[in-house]
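See below for the structure under consideration.
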Amino acid sequence: MTGSLVIVGTGPGKPELMTPAAGSALARATDLVGYAAYLDRVPARHGQRRHASDNRVELERARHALMLAASGRDVAVVSGGDPGVFAMAAAIFEAVEAGDQAWRSLDIRVEPGVTAMLAAAAEVGAPLGGDFCAISLSDNLKSWATIERRLKAAAEADFVIALYNPASRARPHQLGQAFALLRTLKAATTPVLFVRAAGTSEAKVIASDLAEANASVADMRTLVIVGASTTRCVGRWIYTPRSEREAAS
Ligand code: SAH
């Protein structure tokens, strides 16, 4: 009996922002595995089993999904945004690497989704129009020293920086520390955007600059974008020109 496992990105929230391919992968599954808040976004289907779990136990959830697939079930692991961006897809492959040899021949697929960074950028214009990078501020899985090293390198290279996981109740101070570090390396007028619930009907944007940016407005549903030296406003939009030459003129 061979099952399958697909790791599905459901996009930032709005149903229209989920791809049709993700929708059909969810509809075909016999079992859905994921964090309860993400499972709640998936319409109920008769006969489909749901395995809701706590957000923190990614590897356990990954092993559970792999065991279900190995037992013949067609499993969809549900992830918000894109499953490959700070989410479940890497956890699944990590579990495959450390687990049962037989898991390596399972039918495993990844179904992409619109990640928060893209939904957030679209709310404000085109801040990711030039070169950019994404950094998660969560230090659950890596040290704060690593995060600081990457922030410094990104500032030095003048990337636009998308900050995922900027804050949570367990980690209220990190975004403030990140801003303090960036203030020593970048212009005070650098645009900083707080985009909450991007790509949902509750989307909210706070536009600020590095000097004024108030870390306490960010929560777990906020994506923070810190501009490059060329990022600027035009009317009510914010964008980063693609051309370096144009920016210098
Ligand atoms: N796989 C997800 C990211 C998971 S990390 C993706 O691709 O989007 C969780 C972080 O993503 C949150 O703390 C927040 O920073 C960001 N995030 C997720 N959904 C968001 C949304 N709708 N609006 C703004 N930020 C969001």
Side-chain angles (χ1 to χ4, degrees), residues 6-19 21-22 25-26 33-42 53-59 61-62 65 76-94 110-125 127-128 132-142 147 150-151 160-179 192-208 213 215-226 238:
V6 58
I7 311 127
V8 181
T10 56
K14 239 186 237 173
E16 306 92 292
L17 287 179
M18 194 197 300
T19 68
L26 294 175
V33 174
Y35 176 45
Y38 294 143
L39 287 186
D40 288 347
R41 291 186 196 163
V42 182
S53 63
D54 184 82
N55 200 16
R56 293 216 146 213
V57 286
E58 277 194 352
L59 265 180
R61 196 191 307 153
V77 176
V78 184
S79 221
D82 182 273
V85 179
F86 307 126
M88 279 305 291
I92 294 283
F93 294 115
E94 199 179 330
V110 178
E111 202 58 76
V114 176
T115 188
M117 169 177 79
L118 303 184
E123 299 284 356
V124 300
L128 307 179
F132 61 87
C133 67
I135 299 176
S136 167
L137 285 193
S138 168
D139 62 358
N140 287 338
L141 301 167
K142 61 187 172 190
I147 296 170
R150 292 188 181 151
L151 285 168
V160 176
I161 308 170
L163 297 173
Y164 282 77
N165 294 307
S168 75
R169 250 161 284 145
R171 305 176 287 104
H173 306 300
Q174 291 173 343
L175 184 60
Q177 286 172 25
F179 285 158
V192 174
L193 304 157
F194 298 87
V195 189
R196 184 166 198 280
T200 77
S201 52
E202 297 135 42
K204 190 177 158 222
V205 176
I206 296 176
S208 183
S216 69
V217 305
D219 65 5
M220 280 168 70
R221 291 191 74 198
T222 307
L223 191 287
V224 179
I225 297 177
V226 180
I238 292 176

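Ligands are counted one by one from 1 in listed order, and the atoms in each one are counted from 1 as well. The figures here come from the full heavy-atom set of this structure, side chains too, leaving out hydrogens, waters and symmetry mates.
- If you look at Ala198 next to ligand 1, the close heavy atoms, those under 4.0 Å, come from the backbone and the side chain alike.
- Arg41 places no side-chain N or O within 3.5 Å of a backbone atom of Gly80 that could act as its donor or acceptor partner.
- Using a 4.5 Å heavy-atom threshold, the side chains of Met117 and Val85 count as separate.
- When side chains are defined from C-beta on, Arg221 counts as touching Thr200, because their heavy atoms get closer than 4.5 Å.
- Residue Asn165 comes nearest to Leu137 through the heavy atom pair O-CB, 3.3 Å, listed as atom of the first residue, atom of the second, then distance.
- Note: no N/O pair closer than 3.5 Å links Asp219 and ligand 1 by distance alone.
- Residues Arg61 and Tyr35 are in side-chain contact: their nearest non-hydrogen atoms beyond the backbone lie under 4.5 Å apart.
- Residues Tyr164 and Ile135 are not in side-chain contact: their nearest non-hydrogen atoms beyond the backbone lie 4.5 Å or more apart.
- The main-chain N or O of Gly199 is found under 3.5 Å from a side-chain atom of Glu123 such that the two form a donor-acceptor pair.
- Residue Gly199 places every heavy atom at 4.0 Å or more from ligand 1.
- With atom 15 (O) of ligand 1 as the reference point, the heavy atom nearest to it among Leu223, Val224, Thr222 is part of Thr222.
- Scanning all protein heavy atoms for the shortest distance to atom 12 (C) of ligand 1 gives Met220 O, 2.9 Å.
- Backbone and side-chain nitrogen or oxygen atoms of Gly81 are examined, and none is located within less than 3.5 angstrom of a nitrogen or oxygen of ligand 1.
- Contact of the Leu193 side chain with the Pro127 side chain is registered, since non-hydrogen atoms from C-beta on lie closer than 4.5 Å.
- When side chains are defined from C-beta on, Thr222 does not count as touching Leu163, because their heavy atoms never get closer than 4.5 Å.
- Applying the 6.0 Å contact sphere to NZ of Lys142 captures more than 12 heavy atoms from other residues, nucleotides or ligands.
- Atom 9 (C) of ligand 1 has as its closest protein heavy atom Asn165 OD1, 3.3 Å.
- Ligand 1 has no nitrogen or oxygen under 3.5 angstrom from a nitrogen or oxygen of Tyr164.
- The option from Ala116, Ala197, Ser138, Ala87 that lies nearest to atom 18 (C) of ligand 1, judged by heavy atoms, is Ala116.
- For ligand 1 and Phe86, the ligand atoms under 4.0 Å from any heavy atom of the residue are 4 (C), 5 (S).
- Atom 24 (C) of ligand 1 has Arg221 O, 3.1 Å as its closest protein atom, hydrogens excluded (heavy atom only).
- The nearest pair of heavy atoms linking Met88 to Ser79 is N-OG, 3.6 Å.
- Residue contacts with ligand 1: Asp82 is placed with a nitrogen or oxygen under 3.5 Å of a nitrogen or oxygen of the ligand (distance criterion only).
- Heavy-atom proximity to Pro12, at under 4.0 Å, picks out these atoms of ligand 1: 22 (N).
- Neither the backbone nor the side chain of Met117 comes within 4.0 Å of ligand 1, counting heavy atoms alone.
- In terms of protein heavy-atom proximity, atom 3 (C) of ligand 1 is nearest to Val85 O, 3.6 Å.
- The shortest N or O to N or O distance between Gly80 and ligand 1 is below 3.5 Å.
- For the side chain to side chain contact (heavy atoms under 4.5 Å, CB included) criterion with Val78, the lone passing option out of Val6, Val33, Thr10, Ile7 is Thr10.
- Heavy-atom proximity to Thr115, at under 4.0 Å, picks out these atoms of ligand 1: 6 (C), 7 (O), 8 (O).
- Of all atoms in ligand 1, listed by their number and element, those nearer than 4.0 Å to a heavy atom of Val195 are 24 (C).
- Distances below 4.0 Å separate heavy atoms of Pro166 from the following atoms of ligand 1: 15 (O).
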